[in-house]
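Here the structure comes first, spelled out in structure tokens, and everything after it is commentary.
These figures come from a predicted structure and were not determined experimentally.
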Amino acid sequence: MQGTATRIGWGDLPAAVRAAVEGIIGDRVVEAVSQPGGYSPGTADRVRTAGGRRAFVKAVNPALNPDSPVMHRAEARIAGALPASAPTPRLLGCHDDGDWVALVFSDVDGRHPATPWRSDELTRVLGALEAMAVALTPSPVAHVPTAADLLARDFAGWHRIAADPPPRLDPWARAHLDELRAAADEGVAALTGDTLCHVDVRADNLLLDAAGRVTVVDWPWACRGPAWLDTALLLVNVRLHGGHDTEALLRRLPLTADVDPAALTGVYAGLAGFFTDSARRPPPPGIPTVRAFQQAQADALLPWLAQRLP
């Protein structure tokens, strides 16, 4: 699974930060194992203490990436308000010294789903997302943005592309810019609802344990939107890796079967515009591989949109 190539580890954290984390856990850390996946340049370590306690620690400062501490602070606020009924790890504590932000979560003894997606694992994850939508409606977290507000600028990507087309723009997209812009605008308008949505559901933000239980991790982008949004977004990751009929899944799944097809097309158009527009830009500090990942998602979405747009 592709991820950042510049992630630091537990031993790279300042001694004061490590001590603060150990204070949250209540014991001295004697082992730390960096975890794969994701795009943060900060730590992502499963740790074990002298007394056998386990936790997951993620920490970052602005020198690694200026936006990541803001995201960690948002995740601390959101994760601390998630109900026990949601399939998410429990936040044990947060250290924030104004420079370093460290989050400490309960450890999940699991692994990322296999990609290309296995049918049995996909079924479990889709079921978990359905249960999560129930558990998180109405939104248990106050003061999160609406999905429309959060994604409005991202979904305007086709407008930016039309004003300044990249030289290697997909020929079909170039010929259908008007339709893509209109669809993406319709997608933003469809993002109404009072479900707390994760909006970054993909294989490396999911864990499966030995019993098949699903845990959804990394919540900095949470917002209020329609109950179907996370399921629709997961199917982008499924389509990216291949092996499943995502169109048939949309028509069959309880959360998406009755959604206006134009709304779903609009969301996928908005995402494709965001990925296409973002992929042509220089990589953000400390995250050199994210642009290639965004381009791959755009490449996966555009043929689907060619089928769905009238």
Side-chain angles (χ1 to χ4, degrees), residues 1-18 20-21 32-47 56-79 94-105 112 144-145 149-157 160-161 163-164 166-168 198-205 217-223 233 236-237 240 270-299:
M1 180 169 298
Q2 187 182 27
T4 179
T6 58
R7 174 170 288 160
I8 64 169
W10 169 258
D12 299 308
L13 295 176
V17 177
R18 296 198 304 270
V21 168
V33 179
S34 183
Q35 300 303 291
Y39 290 89
S40 171
T43 65
D45 290 294
R46 293 180 67 187
V47 302
F56 174 76
V57 180
K58 56 195 297 186
V60 74
N61 77 342
L64 295 169
N65 178 273
D67 298 322
S68 293
V70 177
M71 294 169 58
H72 275 34
R73 292 182 181 109
E75 183 173 9
R77 180 173 56 82
I78 293 161
C94 173
H95 165 77
D96 187 346
D97 59 20
D99 182 31
W100 285 93
V101 184
L103 308 185
V104 185
F105 290 94
H112 299 306
V144 292
D149 285 343
L150 179 71
L151 296 173
R153 186 183 184 284
D154 292 347
F155 278 27
R160 294 187 291 274
I161 289 167
D164 179 23
R168 296 185 180 179
H198 181 282
V199 299
D200 197 20
V201 182
R202 58 182 198 243
D204 57 334
N205 281 337
V217 303
D218 290 345
W219 284 81
W221 302 112
C223 60
L233 295 180
V236 177
N237 191 252
L240 171 68
L271 287 170
F274 165 67
F275 291 136
T276 301
D277 183 44
S278 297
R280 61 176 170 163
R281 305 192 182 281
I287 315 178
T289 59
V290 71
R291 298 309 188 205
F293 182 58
Q294 289 169 334
Q295 185 63 58
Q297 291 178 98
D299 293 343

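Identified under the salt bridge (Lys or Arg N to Asp or Glu O under 4.0 Å) test for residues 56-65, with sequence neighbours left out: K58-E75, K58-D218.
Looking only at distances, no side-chain donor or acceptor of N61 sits under 3.5 Å from a matching main-chain atom of D99.
Taking each heavy atom of P62 and P69 in turn, the nearest pair found is N-CG, 3.5 Å. Pairing each heavy atom of R7 with each of Q35, the nearest pair is NH1-O, 2.5 Å. What you find for A272 and A298 is that their closest heavy atoms are O-CB, 4.3 Å. For the pair V199 and C223, the tightest heavy-atom approach, listed with the atom from each and the gap, is CG1-SG, 3.5 Å. The nearest pair of heavy atoms linking P285 to N65 is O-ND2, 2.8 Å. Between D204 and H112 the shortest heavy-atom distance is O-CE1, 3.2 Å.
Taking the six-membered ring for Trp and the full ring otherwise, H198 and W219 have centroids separated by under 6.0 Å.
Note that OG of S34 is 12.0 Å distant from CZ of R46, once rounded to the nearest 0.5 Å. Within the model, atoms CZ of F274 and CD of Q297 stand 8.5 Å from one another, a figure rounded to the nearest 0.5 Å. Between D12 atom CG and L64 atom CG the span is 9.0 Å, to the nearest 0.5 Å. Within the model, atoms CZ of R280 and CD of Q294 stand 12.0 Å from one another, a figure rounded to the nearest 0.5 Å. Rounding to the nearest 0.5 Å places CG of D277 at 9.0 Å from CG of D154. In this structure, the separation between CD on Q295 and CZ on F275 is 11.0 Å, given to the nearest 0.5 Å.
Sparse packing is recorded around CZ of R168, with 12 or fewer heavy atoms of other residues, nucleotides or ligands lying under 6.0 Å away.
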Open item on the list: Is there a side chain to side chain contact (heavy atoms under 4.5 Å, CB included) between L103 and V57? Walk through the geometry before answering.
Closed with: CA-CA 6 Å; L103 308 185; V57 180; over 6 Å; no
TODO: Report the C-alpha distance between V33 and W10 in whole Å, list the side-chain angles of each, state the deciding distance to 0.1 Å, and finish with yes or no for side chain to side chain contact (heavy atoms under 4.5 Å, CB included).
DONE: CA-CA 8 Å; V33 179; W10 169 258; over 6 Å; no
Open item on the list: Determine whether F56 and V47 satisfy the following criterion, side chain to side chain contact (heavy atoms under 4.5 Å, CB included), listing intermediate values before the conclusion.
Closed with: CA-CA 6 Å; F56 174 76; V47 302; over 6 Å; no
- [ ] Please lay out, stage by stage, how V101 and C94 fare under the test side chain to side chain contact (heavy atoms under 4.5 Å, CB included).
- [x] CA-CA 7 Å; V101 184; C94 173; 4.2 Å; yes
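Counting only heavy atoms from C-beta outward, the side chains of D97 and V17 approach each other to under 4.5 Å. Using a 4.5 Å heavy-atom cutoff, the side chains of V60 and T43 are not in contact. With a 4.5 Å cut-off on side-chain heavy atoms, H72 and P220 do not count as touching. Within the 4.5 Å cutoff, no side-chain heavy atoms of V217 are placed close to those of F105. Annotation: side chain of F293 is in contact with side chain of L240 (closest heavy-atom distance under 4.5 Å).
In this structure, the salt bridge (Lys or Arg N to Asp or Glu O under 4.0 Å) partners of D200, at least two apart in sequence or on a different chain, are R202.
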